[in-house]
Amino acid sequence: NGIIHGGGAAQAKAGWRVALTTMPATRPTLGVSRWPDFDYDATGATTLGHVCEARNGELTLEFDVSSFEGPPVDSRSTKVFGV
């Protein structure tokens, strides 16, 4: 088993473990239920998963939501209504 880094995704194989880290987005937004969308900078958030082979032979990524680690939703990472 390997870990995919950067451009290695083109060489990925079923069974590989992967770690994704978010990068800055031009307009990062997050929506929660009926609340209006708000800006959330999740730069540096990480999650773990693995490469799987679908029935048609294509590769898919599956992630365990419980492995997600991201910045807290607070005044440093979040803006509501632009504030």
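Everything numeric here is computed off the predicted structure, so don't read it as measured data.
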Quick one: list whatever passes side-chain contact (heavy atoms from CB on, under 4.5 Å) with [X], sequence neighbours left out.
| X | result |
| --- | --- |
| Glu53 | Ala14, Leu59 |
| Glu58 | Asn56 |
| Phe68 | Ala45, Thr47 |

Q. Do the non-hydrogen side-chain atoms of Val51 and Leu61 ever get within less than 4.5 Å of each other?
A.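 Sidechains of Leu61 and Val51: in contact.
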Q: For Ser66, enumerate each residue passing the side chain to side chain donor-acceptor pair (under 3.5 Å) test, keeping only those at least two apart in sequence or located in another chain.
A: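 Asp64.
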Q. How would you list, by chain and number, every residue that makes a salt bridge (charged side-chain N to carboxylate O under 4.0 Å, His left out) with Arg55, sequence neighbours excluded?
A.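 In terms of salt bridge (charged side-chain N to carboxylate O under 4.0 Å, His left out), with neighbours along the sequence ignored, Arg55 is linked to no residue.
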Q.
With a 3.5 Å distance limit and no angle check, can you tell me whether Ser77 reaches the backbone of Pro71 through a side-chain donor-acceptor pair?
A.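 No: the side chain of Ser77 does not pair with the backbone of Pro71.
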